[in-house]
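A quick write-up on the structure given underneath.
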Amino acid sequence: MLTNVSLMDAGILAALGYGVVFAGLVVLMIVIILVGKVFSAKKKKASAEAAAPVEVEEAPAAPLAPGSAGQLKLYDTPPKTAAMLMAIVADKLGKPLNELRFISIKEVK
């Protein structure tokens, strides 16, 4: 193949080979960054939609129970899970549930 290659020709071939490899690495790095930005934008959009507050529905004409502290905002948490969490906290603190005030409950992912 290349039997009589001078030192200058070998240096040029090596430089071209290194250049092609580094150019390929730069292109691969750019593609990975772009794909990462696309996926992070999708994840941010999905988490913004999921983090919308869900109001606990109450009967409009029913007065609040004695000792209740008002509305509770649930962020991405089902009401059943929120009720269990409030009961566990009240039990661990050793206080009745109507003496505690929960403002919001958000699931940490």
Side-chain angles (χ1 to χ4, degrees):
M1 303 225 167
L2 300 174
T3 55
N4 291 333
V5 178
S6 69
L7 187 60
M8 181 66 110
D9 290 338
I12 291 173
L13 286 174
L16 285 175
Y18 289 135
V20 168
V21 168
F22 283 117
L25 289 174
V26 168
V27 169
L28 183 62
M29 184 176 67
I30 291 171
V31 167
I32 289 173
I33 289 171
L34 291 175
V35 169
K37 287 186 179 188
V38 167
F39 280 114
S40 67
K42 284 183 181 179
K43 186 176 181 180
K44 213 180 266 188
K45 182 180 176 184
S47 67
E49 290 173 359
V54 177
E55 294 289 331
V56 176
E57 296 181 19
E58 292 185 25
L64 295 176
S68 71
Q71 296 291 326
L72 170 67
K73 292 183 182 179
L74 299 178
Y75 295 93
D76 200 27
T77 305
K80 185 177 180 180
T81 304
M84 285 191 287
L85 288 172
M86 290 188 293
I88 291 170
V89 169
D91 184 57
K92 291 291 183 183
L93 292 176
K95 293 190 174 201
L97 191 58
N98 64 348
E99 289 183 8
L100 300 175
R101 180 167 188 235
F102 295 91
I103 297 171
S104 67
I105 296 176
K106 180 178 181 180
E107 180 182 355
V108 178
K109 293 182 180 182

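- Taking Ile, Leu, Val, Met, Phe, Trp and Tyr as members and joining any whose side-chain heavy atoms lie under 4.5 Å apart, directly or through other members, the hydrophobic cluster of V21 also contains Y18, F22, L25.
- Applying the side-chain contact (heavy atoms from CB on, under 4.5 Å) criterion to I103, with sequence neighbours excluded, gives R101.
- Here CG of N4 is found 10.5 Å from CG of D9. Values are rounded to the nearest 0.5 Å.
- Residues M86 and I105 are in side-chain contact: their nearest non-hydrogen atoms beyond the backbone lie under 4.5 Å apart.
- Cluster partners of V20 are absent, since no Ile, Leu, Val, Met, Phe, Trp or Tyr has side-chain heavy atoms less than 4.5 Å from it.
- With contacts defined as side-chain heavy-atom distances shorter than 4.5 Å, the pair K43/S40 does not qualify.
- Using a 4.5 Å heavy-atom cutoff, the side chains of F102 and L97 are in contact.
- With sequence neighbours excluded, the residues satisfying side-chain contact (heavy atoms from CB on, under 4.5 Å) with I30 are V26, L34.
- In this structure, L100 and K95 have side chains that are in contact, with non-hydrogen atoms separated by less than 4.5 Å.
- Applying the side-chain contact (heavy atoms from CB on, under 4.5 Å) test to A10 and every residue at least two apart in sequence or in another chain returns V5.
- Applying the under-4.5 Å side-chain rule to Ile, Leu, Val, Met, Phe, Trp and Tyr, the cluster around I12 extends to M8, L16.
- Linking ILVMFWY residues whenever their side-chain heavy atoms come closer than 4.5 Å, directly or via other members, places L93 and L72 in the same cluster.
- Pairing each heavy atom of L74 with each of P79, the nearest pair is CD1-CA, 3.8 Å.
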